[in-house]
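Report on one structure; see the data block that follows.
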Amino acid sequence: MYDPKTGKWQHVDTCFPTHHLYFAKDANRTLWLSQGGPGERPLIGWVNTKLFLETGDSARSQGWTQNPSTTNGNGRRDRATPG
């Protein structure tokens with residue numbers, strides 16, 4: 001992660017694979033990340049960049065959850081089959 005105020009780079013060691021990213025326009029400047037690609041666990045991760053810049057603590061600044069996709073259209077995280 002690059003901090004333009006200091007001109008320094010810091011590594012954010014995530015506990016999940018990363019791929020596409022999106023910076024939210026919220027107070028914590030949350031960085032949302034999708035799963036790492038084909039064959040990876042279906043999940044969504046995030047980094048609270050404000051907290052990371054304040055503390056330098058990768059573990060405390062991040063989180064993840066299973067991708068809340070559904071295959072049968074019921075809107076729940078389950079393994080129910082379509083049809």
Side-chain angles (χ1 to χ4, degrees):
M1 183 170 150
Y2 180 71
D3 183 354
K5 289 182 182 176
T6 64
K8 295 182 180 179
W9 286 94
Q10 290 179 278
H11 178 73
V12 179
D13 188 18
T14 61
C15 64
F16 50 86
T18 62
H19 193 49
H20 296 285
L21 54 96
Y22 174 80
F23 280 98
K25 296 176 183 170
D26 63 3
N28 294 322
R29 299 185 299 271
T30 305
L31 175 62
W32 292 96
L33 303 129
S34 69
Q35 65 191 34
E40 296 287 350
R41 296 175 294 175
L43 59 86
I44 297 170
W46 61 88
V47 176
N48 177 330
T49 62
K50 181 180 176 190
L51 182 62
F52 179 76
L53 288 173
E54 290 171 355
T55 66
D57 188 339
S58 291
R60 191 171 147 210
S61 303
Q62 67 179 288
W64 65 271
T65 187
Q66 270 188 313
N67 189 347
S69 61
T70 179
T71 58
N72 63 4
N74 68 2
R76 293 183 297 212
R77 295 180 189 178
D78 57 20
R79 297 186 181 266
T81 56

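Linking Ile, Leu, Val, Met, Phe, Trp and Tyr residues whenever their side-chain heavy atoms come within less than 4.5 Å leaves Leu31 and Leu51 in two separate clusters.
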List the atom pairs, with distances to 0.1 Å, where a side-chain N or O of residues 9-17 and a protein N or O form a donor-acceptor pair under 3.5 Å, not counting sequence neighbours.
| from | atom 1 | to | atom 2 | distance (Å) |
| --- | --- | --- | --- | --- |
| Thr14 | OG1 | Phe16 | O | 2.9 |

Donor-acceptor contacts under 3.5 Å from residues 21-28 side chains, at least two apart:
| from | atom 1 | to | atom 2 | distance (Å) |
| --- | --- | --- | --- | --- |
| Asp26 | OD1 | Asn28 | N | 3.4 |
| Asp26 | OD1 | Arg29 | N | 2.8 |
| Asp26 | OD1 | Thr30 | N | 2.9 |
| Asp26 | OD2 | Thr30 | OG1 | 2.7 |

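Here the shortest heavy-atom pairing between Phe52 and Ser58 reads CE1-OG, 3.5 Å.
Distance check: Asn48 CG to Thr55 OG1 gives 8.5 Å after rounding to the nearest 0.5 Å.
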Assess whether side-chain contact (heavy atoms from CB on, under 4.5 Å) is satisfied between Trp46 and Thr65, documenting all intermediate values. CA-CA 9 Å; Trp46 61 88; Thr65 187; 4.2 Å; yes
